[in-house]
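Right, one structure below, let's go through it.
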Amino acid sequence: MRVKEPDIIDLRWLLLGLCLVMALHLHHFAGWVALSIMVLIVWRYLLAHYRRPMPSIFILMPLTVLAGLGILLTYRGLFGRDASVELLALMLTLKLMEAKTRRDFLLLVFGGYFLTVTTFLFTQSMAYGAAMLLATFTLTATLVGISHPNGRLPWHFQAKTAAILLAQGAPIMLALFLLFPRVPGPLWGIPQDANKGMSGLSDTMEPGEISELTLSGEIAFRVQFEGKPPPPSQLYWRGPVLWHYDGRSWTMASPKLQLPTESLQVRGSPSRYTITMEPSNRSSMLLLDMPSLLPENSAVSADLQVLAKSPIRQRIRYQASSHLDYTLAPDAHPRALQLNLQIPDFDNPQSRALAQSWVDTGKSPEDIVQTALTMFREQEFIYTLRPPRLGKEPVDDFLFNTRRGFCEHYAGSFVYLMRAAGVPARVVTGYQGGELNPVGEYLIVRQSDAHAWAEVWLEGKGWVRVDPTGAVSPSRIEYGIETAMPNENPLPLLARNSYPLIKKMYLNLDAIDNAWNHWVLDYNQKRQMEFLSSLAGSKLSWQELAIAMIVAVGAVGMFLSYFIIRENPAKKDELQRIYATFLRKLQRKGIMRQPQEGPLDFGERASQALPSQAAQIHRITDLYTQMRYRNRKTTESTELLKWLIKTFK
Amino acid sequence: MQNITQNIINAANQVILGKDRQIRMALACILARGHLLIEDLPGMGKTTLAHTLAQVLGLKFSRVQFTSDLLPADILGVSVYDRNNAVFKFHPGPVFTNVLLADEVNRATPKTQSALLEVMEEGQVTIEGETRVLPQPFFVIATQNPVHHIGTFPLPESQLDRFLMRIELGYPDADSERNLLKNSGGRDQVANITPCIDSAGLIRLQQAAQQIHVSDALLDYLQAILQFTRSSPRYINGLSPRAGLALRQCAQAWAMMEGRDFALPEDVQAVLPGVVGHRLQSSGAEQGGMDPVEHLIQSVAVS
């Protein structure tokens, strides 16, 4: 087959494909890497456009070494997700600077395919999937252009062929997607840095920590209720429960204490729901207060926070149910109550004095709780995302001086006051509320919905939820954070309602994304097994799965190759096989038949190249043409031809 | 058979210098019972070639110079009232011959052109309800200036298809041209040619050409060619079944001229430029500088 070398048209396709691939990556590349890649691509195009010679090896070699060194210095190593992907991208672009031949172009296209796949190490959203498809399509069209034997092709023909090729690949992709045995977690270890940049509730609470989280518009989790969701004021998503206060930050109870799990009495009918949680790199699983039926593969702590067995590094999906009407631990363990009275000795004297004054007036614990809430409600406390920094005695400073705070300030100081007044109390962090997406009827809970509230233990009632923030800013609890915050507060755009059109578009997109998560990304080992077992009618082992995959892919492959073979009438019969051995013998002597060359012309050419064997070649050619084109094929002539070709040296 | 065809070719070669391939193509076209279109610039020897062929084949020859005021009756003939016998008497036009040379066919009006093309298709003339059969063999050699010349009515594609072959003559090579310039030129030599064959002999040759063996393997190749033109984006339209038949007939004639009693892919490739050149229009897609017919040959594999 005649193979042409790539021309400017092919180069344009290739550059377009590589630009699309790079566009998937550039935003997370180090600045200098992104810049170098862009400069190199533009440089290569300009060189070709003005027909300038390519840079010599003496320029490229130092550049390559510099690029490698740069990565080494930026990431202190060449391994790890970011470093290796950037190295690949840089080297591929440098290869572009010396790409001239068809072979170079092939290498670049295949490198481009690989670089496209690495996008999945960073994100798996559907939008990126679509962009990757576009990049793959463009690269395939490039491949069509450089593989077609005959000159230039119109661009639409190239695009059409690429589309057909991708469409032919789709059934194989589907079969592999459904059948390729899934393993829990990634197939190979994803480097450590792949987990950075996940946000979520921390296990501790310090003033300012939650308000920082609130600045993020990222989605924490999505909830699909069976039936009607509870009203927003009831939507308390329980996360870490914090017992211990060291004067600055609140932390969880140590599991070493081995406290008994608190008893839970529930009334009424449960709310059932399914949560799709984004990776948080922590093990806390968010459930509605109070969880009565736990998700699979989870454990519950003494204070009823639900934990996954390992930190959540991939999107997970779990079902659970909760009762909104409950009594928690009316018979609490005395040691647990003791622990929830702990405050550091001798700090925040003003607050202690205030609490002591309540106790001294002989108030019951219920009254003390109400008094504290009344204080928040009636005195001039302000709910704000930008609280001032607090001094050495944070609770005193907040309650008597600044009086401006976010939920963690209110929850923290409230619990402090309760403990100082001898009422067992603790801080609960989690999320409050959420936004109902009318498209698809599910709840979106964002990092900006992060919240902290308090639980106090009252005789006969057990642990009761008290939300001091509700006393300061009732609308935060009823209508969500965007109504509670004046506009000058730096809330993420999407947590605001001021742009209804954008909001609506966003909700539609999020519904699509949710479906993508459900049907594509969450197709994990368990769901694969369920799906295939339901097809097979019995439980499948992974060996059976592997066999099914091979059979399915093989069947698709055979189906496709049937069409390919059918279109190509080169089904060789016996005569052609015999003649083919003759062709092979001549090929070894360096005489190759062109596909379009007839046997007579070829025989003529061969005998001119090998004058000493001209007679033999003529005889074979003559016999072959007679047999093939004159239908003079008999057993004798076949044997004769075989013998002639066999003795042809 | 080969002797006869070779004699014909040799005789023609003595008049038309250095155009062996074109003479062979023209002869193949005639042996395949087709009409021939010769297209080239004025003065390239189109008319001489047509005249020579008629002479060598020993056929009755008439020539019509096509002009813009030529009427169909000028070719076909007219009925004139005979006063003596009181009847209309048909005066046959120049078309009643063996070889009709339609010179500069693209200068006539479409009406006259279609009259000619109808005759070419039917092999008979119907005037005033009376059908008159043309003598056998009958074929038309039309010459045409390239269409971009002023004052022409280019033949539409559908009518080009009626011509089995279209050939171009091209400039002669240096030696032939020197010979031509030394002598007085070809035209007066034409009259001196002794025919190599007569009309009955030509008909026998034509029948023999039809008997040339065409194997399935060759038909596979032919169909691959047709299929390629239909699926490739480089051509506006693919080749018609009529073009396929034309290819087969010409390949048979060519094989006979080569002295074989069976046709080979090489025969198809040899006649392909003549048969396909005027039926295949490039879609304007880049050809890499390759002639569309050459591209076609290069693209279809001989299995």
Side-chain angles (χ1 to χ4, degrees), chain A residues 1-10 144-145 148-161 164 565-577 579-580 583 592-605 621-633, chain B residues 211-236 248 251-252 254-256 258-273 282-303:
Chain A
M1 191 178 282
R2 293 151 57 95
V3 171
K4 55 147 195 156
E5 290 304 324
D7 55 18
I8 180 93
I9 306 277
D10 293 318
V144 171
H148 204 282
N150 304 308
R152 272 182 207 169
L153 301 168
W155 67 269
H156 53 86
F157 179 77
Q158 227 166 310
K160 198 180 92 186
T161 311
I164 291 174
I565 290 168
R566 207 184 57 161
E567 276 186 341
N568 179 6
K571 286 166 278 181
K572 293 213 156 101
D573 59 13
E574 189 199 6
L575 182 57
Q576 280 168 291
R577 279 198 302 274
Y579 186 62
L583 293 182
M592 221 173 103
R593 189 177 80 96
Q594 301 290 322
Q596 79 280 3
E597 203 170 18
L600 214 57
D601 286 350
F602 174 65
E604 191 55 42
R605 196 158 63 85
T621 306
D622 197 42
L623 186 59
Y624 169 71
T625 49
Q626 289 268 348
M627 287 167 72
R628 183 156 161 75
Y629 293 101
R630 186 69 185 87
N631 290 10
R632 287 201 173 125
K633 183 171 173 286
Chain B
Q211 302 303 317
I212 296 294
H213 187 89
V214 174
S215 64
D216 282 340
L218 187 79
L219 293 180
D220 283 345
Y221 178 60
L222 256 180
Q223 280 190 302
I225 287 179
L226 297 180
Q227 199 50 51
F228 181 83
T229 63
R230 291 166 195 174
S231 62
S232 167
R234 299 187 176 207
Y235 308 114
I236 291 175
R248 198 196 87 151
Q252 283 175 309
W254 194 270
M256 185 175 79
E258 293 287 316
R260 265 183 276 107
D261 63 345
F262 58 97
L264 283 177
E266 282 87 340
D267 302 323
V268 177
Q269 292 174 357
V271 297
L272 203 63
S282 175
S283 64
E286 297 279 348
Q287 304 276 352
M290 211 189 266
D291 170 65
V293 177
E294 182 59 23
H295 169 247
L296 176 59
I297 294 178
Q298 296 286 351
S299 306
V300 180
V302 175
S303 60

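All values below were derived from every heavy atom in this structure, side-chain atoms included, with hydrogens, water molecules and symmetry-related copies excluded. Per chain, numbering begins at 1; letters A, B, ... match sequence-line order.
- Between A/P595 and B/Q298, every side-chain heavy-atom pair lies at or beyond the 4.5 Å cut-off.
- The structure places CD of A/Q596 at 11.0 Å from CD1 of B/I225, a figure rounded to the nearest 0.5 Å.
- The side-chain hydrogen bond (donor to acceptor under 3.5 Å, both in side chains) search around B/Y221 returns B/Q269, not counting sequence neighbours.
- Using a 4.5 Å cut-off between heavy atoms, A/F157 touches chain B through its side chain atoms alone.
- Taking CZ of B/R260 as the start and CG of A/L600 as the end, the distance is 5.5 Å to the nearest 0.5 Å.
- The residue among B/V300, B/L218, B/V214, B/V302 with the most heavy atom pairs within less than 4.5 Å of chain A is B/V302.
- In this structure, CD1 in B/I212 is found 8.5 Å from CZ in A/R630, a value given to the nearest 0.5 Å.
- Ion pair B/D261/A/R632 flagged as a salt bridge, since at least one NZ, NE, NH1 or NH2 atom sits closer than 4.0 Å to an Asp/Glu carboxylate oxygen.
- When the candidates A/Y629, A/Y579, A/F602 are compared by the number of heavy-atom contacts under 4.5 Å with chain B, A/Y629 comes out ahead.
- When all heavy atoms of B/S215 and A/N631 are compared, the closest pair comes out as CB-OD1, 3.5 Å.
- Annotation: the span from A/E597 atom CD to B/I297 atom CD1 amounts to 12.0 Å, rounded to 0.5 Å.
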After noting the C-alpha distance and the side-chain angles of A/T625 and B/F262, does the key distance pass the side-chain contact (heavy atoms from CB on, under 4.5 Å) rule?
CA-CA 9 Å; A/T625 49; B/F262 58 97; 4.1 Å; yes
